[in-house]
Amino acid sequence: MVKEKKIKPSKETPSGFVDRKEKELLIRDFVISNIKEVMIKYGFQYLETPSFEYTDSIGKFLPDKDRPGEGVFSFKDENKWLSLRYDLTAPLARYVAKNYNEIPKPFKRYQLGTVWRNEKPGPGRYREFLQFDADYIGTKNPIADAELCLLVSEILEKCGLTKEDYIIKYSTRKITDELFEFMDESKSQKEKEINSPERRLKILRSLDKLDRLGWPEVKKLLGKGRKDKSGDFTEGADLSEQQLFKLEQVFNPENYREMKFPGTKPASEEGSQRDLIQFRQSLEAFGFKNFDMDASIIRGLEYYTGVIFEVNLNFDVKNSKGQVVQFGSIGGGGRYDNLVNNFGNIDCPATGISIGIDRLVYALMQKKDFDIKPTRPVVICVFDNVKIEEYIKLLKLLRESNISSEIYPGEGKLKKQMEYSNKIESPCVIFYGDDEIKKGEVKLRNLKTGEELSIKIENLVNEIKKLL
RNA sequence: GCACGAGUAGCUCAGCUGGUUAGAGCAGCGGUUUGUGGAACCGAAGGUCGGCAGUUCGAAUCUGCCCUCGUGUACCA
């Protein structure tokens with residue numbers, strides 16, 4: 001009598017994890033097939049590394065806490081901490097260090113794989129996503145950096161974007177390195193602290209936001225701090241007026257194209273100017289023009305050592321409610337000449353680029369109307385007075401000709417079968433009841449036009465092929 | 001993490017300042033048509049009003065805490 005209420009398991013996916021439907025998956029497949037084509041053309045090897053790595057290989061060391069640092073999903077296996085990989089670059093460095101004697105030098109590999117980040121999800125940003133990585137290991141040649149940008153742009157354009165839709169912005173970490181050295185020549189003790197690693201990182205991260213926030217806001221972050229739209233306050237880097245003024249000379253958008261400040265190393269020495277010139281010349285040598293120097297490109301990762309780049313979209317991305325949303329870049333990378341060295345005493349320069357495939361797909365779906373349609377089966381309707389063997393004969397006939405087809409898989413009347421076929425967007429249904437069997441023909445109903453034809457069984461395959 | 005906003009049927013939402021059995025549209029189910037979908041009409045069903053506690057004679061509505069989602073911000077080795 002009384003309805004018993006059971007507490008049911010949640011039907012929600014965990015925060016930051018999403019179900020992906022066929023339309024998105026098909027476009028993703030399309031993107032992936034483009035990637036593979038381009039990578040083969042550029043001469044890269046295909047590699048796969050495991051989803052889990054030892055936590056210390058991923059980059060964070062185990063603090064004396066129960067769980068390793070935030071940002072990764074980890075668990076303890078026996079006595080070792082394992083983590084789901086956070087990116088594909090650290091595992092690659094690990095792989096290279098492990099197989100250093102066997103791999104060719106330089107080593108070019110690409111990889112497609114899911115990565116996991118234990119962070120707060122944002123628009124188009126999930127805690128599980130597909131990443132594409134292409135890397136050059138064991139070369140300092142600036143052509144390698146240029147080719148990475150080139151190959152990514154080729155992928156984007158294969159996917160249907162035009163030169164107007166994206167731009168590759170670049171800079172080099174050496175700009176800030178040199179700048180910090182220069183600023184350190186200031187007198188006061190407080191100002192000297194600018195070169196402490198934490199302080200430097202904080203400043204770099206603030207500068208990284210230039211494109212999004214603009215100089216006036218970034219200035220607040222470098223100084224006392226800043227209040228965001230919601231009223232939340234972020235502590236600043238607390239630089240002196242003097243230091244702010246110096247930074248402004250370089251990073252105020254009106255100035256920062258001129259990357260020359262006292263302390264800049266001349267192009268004749270290894271340093272920022274030479275990096276930038278060589279990189280630009282390499283791109284130009286390929287005839288590639290869709291790039292722009294932008295000193296605000298800094299990137300959050302600490303391991304970068306030289307040229308860095310980012311792939312930015314030039315169009316607005318909206319969420320499901322139609323609001324324009326802070327989408328950020330869809331990919332980026334740069335030189336990390338010391339990373340492999342972390343795993344062993346191997347001096348091994350490297351450079352790489354990665355694309356967030358799911359984010360690219362998300363943006364692509366808004367920019368482009370894809371006519372990628374899922375293949376849907378021809379449905380053979382079931383009349384309950386006809387033996388199943390008759391239907392199986394028809395089914396075999398169709399499947400032998402590679403026609404996607406099925407016998408109506410449920411139970412129910414014709415009406416229900418029609419509704420089903422309509423819902424799955426089947427191209428056509430087949431009626432094969434007593435009347436048809438007697439005449440040795442079938443009725444073929446085109447579900448788009450509603451047109452219905454009587455067809456001899458011998459002609460069935462051909463008639464259906466005409467419809468598809 | 002921090003800030004702001006939101007959580008009512010499978011989905012999209014209404015329900016204003018607390019007041020009888022909580023509503024609509026769409027979807028789903030059944031029927032009008034037991035051999036014909038995408039249209040229409042009819043009918044029935046579907047809800048611990050995110051959770052817990054409190055205020056009150058009385059809470060979807062007010063208060064507190066928690067959870068989840070969204071946006072911004074921080075973080076992103």
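To find a chain, count down the sequence lines: A is the first, B the second, and so on, and within it residues start at 1.
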For the side chain of K209(A) and the base of rU73(B), is some donor closer than 3.5 Å to an acceptor across the two?
-> no
Measure the distance from NZ on K227(A) to P on rU73(B) and round it to the nearest whole Å.
-> 16 Å
Contact class for T234(A) vs. all strands (heavy atom < 4.0 Å): base, sugar-phosphate, or nothing?
-> sugar-phosphate
Neighbour count >12 (heavy atoms, 6.0 Å) for atom CD, E270(A) = no
Stepwise, does the side-chain contact (heavy atoms from CB on, under 4.5 Å) test hold for Y304(A) with R335(A)?
-> CA-CA 6 Å; Y304(A) 289 118; R335(A) 279 226 155 247; 5.7 Å; no
May I ask which nucleotide in the shown strands pairs with rC69(B), Watson-Crick or G-U wobble, both distances under 3.5 Å?
-> rG5(B)
Quick one: which of rC69(B), rU36(B), rU73(B) gets closest to the side chain of E452(A)?
-> rU36(B)
Compare the minimum distances between each of rG72(B), rU68(B), rG37(B) and the side chain of D228(A), then state the nucleotide with the smallest one.
-> rG72(B)
Using only heavy-atom distances, decide whether a donor-acceptor pair under 3.5 angstrom links the side-chain of E425(A) to the base of rG37(B).
-> no
Among rG31(B), rU71(B), rU36(B), which nucleotide sits nearest the side chain of K413(A)?
-> rG31(B)
Selected nucleotide, minimal atom distance to R445(A) side chain, candidates rG37(B), rG35(B), rA27(B) | rG37(B)
Touch check for D87(A), heavy atoms < 4.0 angstrom, all strands: base, sugar-phosphate only, or nothing?
-> nothing
Under 4.0 angstrom between R212(A) side-chain N/O and rA74(B) OP1 or OP2 = yes
Between rA74(B) (P) and L222(A) (CG): distance, integer Å | 12 Å
By nearest-nucleotide position on RNA chain B, the 5'-leaning member of D435(A) and F233(A) is F233(A)
Compare the minimum distances between each of rG35(B), rC2(B), rA74(B) and the side chain of D232(A), then state the nucleotide with the smallest one.
-> rC2(B)
Can you establish whether the number of heavy atoms outside E452(A) located under 6.0 Å from its atom CD is more than 12?
-> yes
Hey, is the side chain of Q417(A) pairing donor to acceptor with the base of rU36(B) inside 3.5 Å?
-> no
Choosing from rA27(B), rG1(B), rU36(B), which nucleotide comes nearest the side chain of F431(A)?
-> rU36(B)
Please determine, for the side chain of S15(A), which listed nucleotide (rU73(B), rG28(B), rU68(B)) has the closest atom?
-> rU68(B)
Are more than 12 heavy atoms from other residues, nucleotides or ligands located less than 6.0 Å from atom CD of Q366(A)?
-> yes
Between rU73(B) and rC65(B), how far apart are the P atoms? Round to whole Å, please.
-> 26 Å
Residue E419(A), side-chain heavy atoms: nucleotide from rG37(B), rU36(B), rU68(B) that is nearest | rG37(B)
Separation of rU73(B) atom C1' from R226(A) atom CZ, nearest Å, is 7 Å
Mind calculating the distance between OH (Y420(A)) and C1' (rU36(B)) to the nearest angstrom?
-> 17 Å
In whole angstrom, what separates L213(A)'s CG from rA74(B)'s P?
-> 6 Å
Separation of rG35(B) atom C1' from L414(A) atom CG, nearest Å, is 5 Å
Under the criterion side-chain hydrogen bond (donor to acceptor under 3.5 Å, both in side chains), which of N341(A), T351(A), D135(A) is the partner of Y336(A)?
-> D135(A)
D77(A) atom CG, neighbour heavy-atom count above 12 within 6.0 Å | yes
